[in-house]
Amino acid sequence: MKRQFTITTPIFYVNGAPHIGHAYTSIACDVIARFHRLDGNDVLFVSGTDEHGQKVEQSAKAQNVPPQDFADRISQSFRQMQKDMAVQTDEFIRTTEARHKKAAQTLWEKVAENGHIYLDAYEGWYSTRDEMFVGEDEITKHPDGSRTAPSGAPLEWVREPSYFFRLSDFQDRLLKLYEENPDFIGPHGPKREVVSFVKQGLRDLSISRTSFRWGVEVPGDPDHVMYVWFDALANYLTAVGYPDMKDPRNICWPADVHVVGKEIIRFHCVYWPAFLMAAGLPLPKRVFAHGWWTVEGEKMSKSLGNVLDPKALADEFGLDQLRFFLMREVPFGGDSNFSRRSLITRMNVELANDLGNLAQRTLSQVARNLKGVLPERGTLTEDDTRILAQATLLPSLTRNHIERLAISDALEDIWKLIREANAYIDRQAPWALKKEDPARMADVLRVLVDVIRTIATLLQPYMPDTMEKMLDQLGVEKDERHIAALETLLPGGRTLPKPQGLFPRFVEEDKQA
RNA sequence: GGCGGUGUAGCUCAGUGGUAGAGCAGGGGAAUCAUAAUCCCUUGGUCGGCGGUUCAAAUCCGUCCACCGCUACCA
């Protein structure tokens with residue numbers, strides 16, 4: 001049954017070049033989006049960049065360029081990264097675009113109209129040198145009564161006018177939301193953190209700043225710009241045409257899932273639903289937090305110099321190989337470690353040996369022993385029926401996993417069938433049947449082609465380029481590659497192209513000192 | 001400090017009351033269609049420690065230890 005499916009990546013903050021973490025979250029969303037398209041659904045896949053805030057203003061100043069130029073450059077690098085990773089978004093929202101400012105300001109006006117915003121003052125210890133407020137627990141108190149920030153900068157008590165959002169009014173409604181929609185936040189760990197955070201009591205949220213200018217102006221009070229998160233979160237509405245209620249993309253709201261990094265879970269699970277409730281808008285159905293990558297066991301950081309560039313990795317190992325590894329290595333939602341060794345192991349064992357070799361050994365026999373012509377489905381033995389049944393079941397198993405955002409579990413099930421197919425070909429030994437019973441040999445090879453077709457079809461979201469080639473080799477036409485098409489058998493008699501290895505083994509170059 | 005997470009085979013992890021699991025790595029064998037790939041069999045764990053509940057606990061409760069994350073207004 002066809003349905004509308006809307007998915008978003010986190011909105012990327014433009015204070016640095018994209019790294020493997022940004023690629024990971026983009027690819028994960030892309031796999032889910034592609035799977036839904038393959039399954040016949042209408043998909044809106046949204047990504048974008050968050051370009052306002054003091055940090056951007058400062059970074060631009062440090063480079064002596066206007067903030068917009070700075071943001072343009074970094075935003076472009078994120079777009080390029082997604083292109084390099086074969087991530088196909090439908091919308092890319094930049095928070096500096098006019099359409100977005102309009103959406104954010106309209107959202108603000110709605111929330112204000114409904115009485116959830118008031119003007120007061122934000123007070124706290126402020127470091128002029130760092131241009132930031134410092135929390136009570138980060139402050140060092142000195143014997144003479146003075147206070148300093150972690151940076152050592154002196155602090156002064158500052159009172160700054162600020163608009164506040166009545167977040168405290170939403171505590172009960174938020175708890176009710178989590179309770180009535182157990183899947184609203186995933187996975188369980190972050191969910192408990194959010195729930196206990198809300199249960200501890202919510203304070204009203206300061207949602208405007210006067211200390212810098214690089215932001216969306218607060219409607220009716222040009223001295224203030226919006227707190228970046230009020231601005232940034234609104235991008236999800238911008239993507240569906242808000243506030244134009246006649247925009248055809250309106251039907252894409254509410255989003256089915258916001259995929260986010262675990263560090264921004266609170267903004268999406270607490271502030272965002274509260275803003276939407278305050279504006280009287282429908283809430284997203286789900287927020288899902290994924291974990292972080294470490295690199296060779298260490299935290300990725302600029303100072304360690306181990307920040308991974310996704311483009312360089314794709315160039316060295318292959319884009320589909322990289323996509324596969326990122327999706328396979330870790331249960332979506334958990335933290336994981338990136339190491340060359342485990343990437344190479346997975347490439348060689350799972351891609352080259354298990355899958356690539358399965359296709360190659362099957363197709364080379366079709367090419368050599370059947371003159372490359374796909375045979376008709378023959379009389380099925382018990383063994384044939386069993387593996388075909390497993391293949392028939394696979395689409396719904398995979399669909400269920402994707403529905404739960406269990407991206408790696410789906411691969412696990414697909415690989416179970418791949419291993420089973422390798423066992424099947426050994427049991428049936430079509431190379432031995434060649435002389436004894438050529439008709440049976442053709443039947444066995446046909447069963448294998450059908451099984452591999454199912455596998456390749458379902459792997460398209462993960463490895464779009466290579467699976468396209470595999471389906472070409474299997475003689476599957478372009479319009480026979482969606483999930484529903486698996487229910488129709490390929491007609492026999494097609495001539496298959498000459499098979500070629502798709503996943504070469506990766507041999508590490510000798511490292512010379 | 002508070003809240004939360006993790007701790008299961010050499011490695012990465014699955015397993016929420018009923019005789020310890022998968023993949024990789026290791027060992028033995030088979031096969032030779034294929035990218036020296038594949039298949040079969042197999043070694044290996046007092047499920048972080050201690051205590052408790054139960055006929056029965058990796059699984060529930062308590063406590064301790066180790067590591068990690070969050071602790072709102074700089075995303």
Side-chain angles (χ1 to χ4, degrees), chain A residues 10-15 50 52-56 58 122 124 127 130-135 137-138 160 162 164-165 167 187-200 202-209 211-212 227-233 260-267 270-271 291-292 294 299 328-331 334-337 339 341-342 345-346 348-369 408-409 412 415-416 419 421-434 441 444-445 448 499-505:
Chain A
I11 189 163
F12 303 114
Y13 198 61
V14 293
N15 68 339
D50 176 13
H52 289 127
Q54 190 168 28
K55 224 177 218 173
V56 173
Q58 284 168 349
Y122 181 76
S127 159
D130 303 323
E131 295 188 56
M132 64 189 250
F133 283 94
V134 178
D137 50 349
E138 293 175 295
E160 177 187 310
S162 169
F164 281 80
F165 173 71
L167 185 62
H188 290 296
K191 176 180 176 174
R192 288 190 194 133
E193 265 178 38
V194 169
V195 172
S196 65
F197 171 78
V198 174
K199 277 188 178 157
Q200 280 165 37
L202 295 171
R203 304 204 291 268
D204 287 350
L205 185 68
S206 164
I207 51 165
S208 77
R209 299 286 185 276
S211 52
F212 61 95
Y227 170 48
V228 281
W229 276 109
F230 191 96
D231 162 9
L233 288 163
V260 299
K262 65 182 182 183
E263 78 286 4
I264 55 174
I265 189 89
R266 183 186 316 125
F267 303 102
V270 181
Y271 302 167
W292 289 108
T294 54
K299 210 167 187 171
R328 180 73 178 93
E329 182 69 1
V330 61
D335 284 344
S336 40
N337 180 48
S339 78
R341 206 179 126 233
S342 51
T345 299
R346 287 212 184 268
N348 287 345
V349 173
E350 297 183 340
L351 293 180
N353 298 356
D354 289 346
L355 174 59
N357 188 49
L358 171 66
Q360 185 67 13
R361 67 199 300 209
T362 300
L363 290 170
S364 66
Q365 289 180 81
V366 172
R368 185 149 16 78
N369 301 336
S408 56
D409 288 357
E412 181 59 37
W415 251 260
K416 276 183 188 150
R419 290 187 205 108
N422 272 316
Y424 169 86
I425 195 172
D426 269 45
R427 276 198 305 272
Q428 297 300 328
W431 50 89
L433 292 167
K434 185 180 166 188
M441 176 199 71
V444 168
L445 292 175
L448 283 161
Q500 281 183 316
L502 293 173
F503 293 110
R505 286 181 64 80

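Since the structure is predicted, the reported quantities are computational estimates derived from the model, not experimental observations. Here is the naming used below: chain letters follow the sequence lines, and residue numbers restart at 1 for every chain.
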Sort out the partner of [N] for me: Watson-Crick or G-U wobble, both distances under 3.5 Å, none otherwise.
N       : answer
rU6(B)  : rA66(B)
rC47(B) : none
rA56(B) : none
rA31(B) : none
rG26(B) : rU42(B)

Would you kindly give the [atom1]-to-[atom2] distance between [X] and [N], to the nearest whole Å?
X         : N       : atom1 : atom2 : result
Asp409(A) : rU12(B) : CG    : P     : 19 Å
Tyr424(A) : rC40(B) : OH    : P     : 15 Å
Arg427(A) : rU32(B) : CZ    : P     : 17 Å
Trp229(A) : rA72(B) : CH2   : C1'   : 13 Å
Glu412(A) : rU12(B) : CD    : P     : 17 Å
Leu363(A) : rA34(B) : CG    : P     : 13 Å
Phe197(A) : rC70(B) : CZ    : P     : 14 Å
Gln360(A) : rA34(B) : CD    : P     : 9 Å

Considering just the side-chain nitrogens and oxygens of Arg346(A), establish if one lies under 4.0 Å of OP1 or OP2 belonging to rU12(B). no
When we call it a touch if two heavy atoms are under 4.0 Å apart, what does [X] touch: a base, just sugar-phosphate, or nothing?
X         : value
Arg368(A) : sugar-phosphate
Leu202(A) : base
Tyr122(A) : base
Leu502(A) : base
Ser206(A) : base

Quick check against the 3.5 Å criterion: does [X] have a side-chain atom that pairs as donor or acceptor with the backbone of [Y]?
X         : Y         : result
Asn422(A) : Asp354(A) : yes
Tyr227(A) : Gly53(A)  : no
Glu412(A) : Ser408(A) : no

Position toward the 5' end of RNA chain B (nearest nucleotide), Leu351(A) or Ser196(A): Ser196(A)
CD of Glu263(A): more than 12 outside heavy atoms within 6.0 angstrom? yes
Excluding sequence neighbours, so at least two apart, what forms side chain to side chain contact (heavy atoms under 4.5 Å, CB included) with Pro10(A)? Phe12(A), Thr25(A), Ile264(A)
Separation of the [atom1] atoms in [N] and [M], to the nearest angstrom:
N       : M       : atom1 : result
rC33(B) : rU46(B) : C1'   : 47 Å
rC11(B) : rG45(B) : C1'   : 14 Å
rC47(B) : rU8(B)  : C1'   : 4 Å
rU19(B) : rA56(B) : C1'   : 11 Å
rG28(B) : rG44(B) : P     : 16 Å
rC13(B) : rU6(B)  : P     : 13 Å
rA31(B) : rU16(B) : C1'   : 43 Å
rC3(B)  : rU43(B) : C1'   : 44 Å

Closest non-hydrogen atoms of Met441(A) and Lys434(A), given as atom of the first, atom of the second and distance, are SD-CA, 3.8 Å
Nearest of [options] to any side-chain atom of [X]?
X         : options                   : result
Arg266(A) : rU35(B), rA75(B), rC70(B) : rC70(B)
Ser364(A) : rA31(B), rA34(B), rC70(B) : rA34(B)
Val228(A) : rC3(B), rU71(B), rA75(B)  : rA75(B)

N/O contacts under 3.5 Å, protein versus nucleotides 36-38 of chain B?
| from | atom 1 | to | atom 2 | distance (Å) |
| --- | --- | --- | --- | --- |
| rA37(B) | OP1 | Arg505(A) | NE | 3.4 |
| rA37(B) | OP1 | Arg505(A) | NH2 | 3.4 |
| rA37(B) | O5' | Arg505(A) | NH1 | 3.4 |
| rA37(B) | O3' | Asn353(A) | ND2 | 3.3 |
| rA37(B) | O2' | Asn353(A) | O | 3.2 |
| rA37(B) | O2' | Asn357(A) | ND2 | 2.6 |
| rU38(B) | O2' | Arg361(A) | NH1 | 3.1 |
| rU38(B) | O2' | Asp426(A) | OD1 | 3.0 |
| rU38(B) | O2 | Asp426(A) | OD2 | 3.2 |

Separation of Ser206(A) OG from Leu167(A) CG (nearest 0.5 Å): 12.0 Å
Any donor-acceptor pair under 3.5 Å linking the side-chain atoms of Ser342(A) with those of Ser339(A)? yes
Any side-chain heavy-atom pair from Leu448(A) and Gln365(A) closer than 4.5 angstrom? no
Salt bridge Asp50(A)-Lys55(A), side-chain N to carboxylate O under 4.0 Å: no
